[in-house]
2 protein chains.
Amino acid sequence: MKLTRRQKEVLDFITRFIEDNGYSPSMEEIAAHFGIASLNAIFKHLDALETRGYLHRDANRARSIQLASYGAGVEAIPLYGYVAAGRPIEAIASPETMPIPEPFLPKGGKGYVLQVRGDSMIEEHIRDGDYVVIESRETARPGETVVALVDNENVTLKKFYPEGGRVRLQPANETLEPMILDAGRVRIQGVVVSVLRRYH
Amino acid sequence: MKLTRRQKEVLDFITRFIEDNGYSPSMEEIAAHFGIASLNAIFKHLDALETRGYLHRDANRARSIQLASYGAGVEAIPLYGYVAAGRPIEAIASPETMPIPEPFLPKGGKGYVLQVRGDSMIEEHIRDGDYVVIESRETARPGETVVALVDNENVTLKKFYPEGGRVRLQPANETLEPMILDAGRVRIQGVVVSVLRRYH
DNA sequence: AAAAATCGGAAACATTTGGTTGACTTTCAC
DNA sequence: GTGAAAGTCAACCAAATGTTTCCGATTTTT
């Protein structure tokens, strides 16, 4: 949050105003509230808040301020390292973090980031080198892409299908075979909630 | 890593201040809190903390300290709307913004976000509903995925191949035909630099 | 003990932020 | 259409804040 005191005050006022009234304040009302005689001062504050991503306006439209639905919400979550088919997570030397925008974060619970090695999920359009955001949890619905720990040894990224007392871990790649294991040998560590890819 | 006692005190103070107030302290406020008369001392502490990776600042910007563990490099860039094969960008009423982590931002120049409609880039592993970050520029290298404006009318997302005086705009989807056009009819608006996908 | 790093003070300087005034434009209800 | 309400914008100024330099004291390391 890199706002100045004044900018945060203005933002707070707008937030409260919209909550109370259901519509956004005019610039004059904002100015009046702060005892400022100048609309331009407010205008520039709104500009600043807009470029920083805290709100949106329609040009020339009266009372068109909307608070950013994404609230510039960002959280830094740990980047643990690589995950590949059939390999343990290679612990990374200095556990970095990566800032992730709110829309791509897990809705509930904690999360972390892994970088994908290999093309085992290629048919799910997850590529070698992609970053996947994982929601930490121990259960998954059939068909979800999970980080699974097998025999307390190997961590893999696969699609999850329970089959009676067994579990099928299915790569999304024709050329790779599914693993079918007793449920007791598989522990789910998390579920993929989003994918981020950088070209070049 | 190896912070001095003082540096840790300063860092702790900043952390608490941001938690309490929602914005970062000015150097004067930090100095006042420690009973120090020198802004330079604070400045150097901040320098030290920054080079050691505990925080980030924008040069010359008031109250621009951000703790590293928070959203380090994140910028809110406009979310213009949808792009599909052969359709103009549907101008969105009030352009929202979406915060994007620095590693996924264009390295040079401005950027914006579009949401992909349709499966025309599916073989590039860009799916219906994915968000693509676009670097605004007017040239592209062969094979890059570009946002192209055809005849000043239609905007499409395609792979770009110049062929003499012509341009081939190639969907990454077997079932779709490439467009081959005189270079004069095609204007490149930007190049895809990253892809973000949210499941569910 | 010497050298290097760190810490603190004071002042000058540069940039950004916050504010004023006033003219202009757009939107919208009548 | 017309006019009021609301938003846009330029020029200009003041205040707040961040940057830098010069200097000396203190602490840590070698």
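Atoms considered below: every heavy atom in the structure, side chains included; atoms not considered: hydrogens, waters and symmetry mates. Letters go in sequence order (proteins before strands), and every chain restarts at 1. Given the structure is predicted, the values throughout are model-derived calculations rather than measurements.
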message: Less than 3.5 Å apart, any donor N or O on the side chain of A:Asn40 or A:Ser38 sitting next to an acceptor on the other?
response: no

message: Checking contacts here: which listed nucleotide (C:dA10, C:dG8, D:dT8) is nearest the side-chain heavy atoms of A:Arg57?
response: D:dT8

field: hbond_proxy B:Asn40 side chain to C:dG9 base (donor-acceptor, 3.5 Å cutoff)
entry: yes

- request: Please check the phosphate of C:dT17 (OP1 and OP2 only) for any side-chain N or O of A:His45 closer than 4.0 Å.
  value: no

- line: Result for 5'-nearest mapping on DNA chain C, choosing between A:Ile36 and B:Lys44, is B:Lys44

statement: Whichever of B:Arg6 and B:Asn60 has the more 5' nearest nucleotide on DNA chain C, that residue is B:Arg6

query: Taking atom P of D:dA15 as reference, at what distance in whole Å does atom CD of B:Glu28 sit?
result: 14 Å

Interatomic distance, A:Glu50 CD vs D:dC9 P [rounded to whole Å]: 11 Å

message: Is any side-chain heavy atom of B:Lys159 closer than 4.5 Å to one of B:Val146?
response: no

- prompt: Could you give the CZ-to-C1' distance, from B:Arg5 to C:dC7, as a whole number of Å?
  reply: 12 Å

task: Output yes when at least one side-chain N/O atom of B:Thr4 is less than 4.0 Å from OP1 or OP2 of C:dC7, else no.
output: yes

statement: note: B:Phe43, atom CZ; C:dT15, atom C1'; distance rounded to Å ~ 13 Å

- request: Could you tell me whether B:Asp20 and B:Arg16 have a side-chain N and a carboxylate O separated by less than 4.0 Å?
  value: no

message: In this structure, how many angstroms lie between the P atom of D:dA5 and the OH atom of A:Tyr23, rounded?
response: 15 Å

field: Atom pair distance, as rounded to whole Å: CE in B:Met27 and C1' in C:dG8
entry: 14 Å

- request: Check every atom of C:dG9, D:dT20, C:dT21 against the side chain of A:Ser38 and return the nucleotide holding the closest atom.
  value: C:dT21

- request: Evaluate the ring planes of A:Phe13 and A:His33, with Trp represented by its six-membered ring, and classify them as parallel (under 30°), tilted (30 to 60°) or perpendicular (over 60°).
  value: parallel

query: Within less than 4.0 Å of OP1 or OP2 of C:dC28, is there a side-chain N or O belonging to A:Arg61?
result: yes

message: Does a side-chain N or O of B:Arg63 approach OP1 or OP2 of D:dT17 to a distance below 4.0 Å, or not?
response: yes

message: Would you say that A:Ile134 contacts A:Val113 through its side chain, given a criterion of any heavy-atom pair below 4.5 Å between the two side chains?
response: no

Atom pair distance, as rounded to whole Å: CZ in B:Phe34 and P in C:dC7: 12 Å

field: Atom-pair distance (CD1 on A:Ile42; C1' on D:dC9), nearest Å
entry: 15 Å

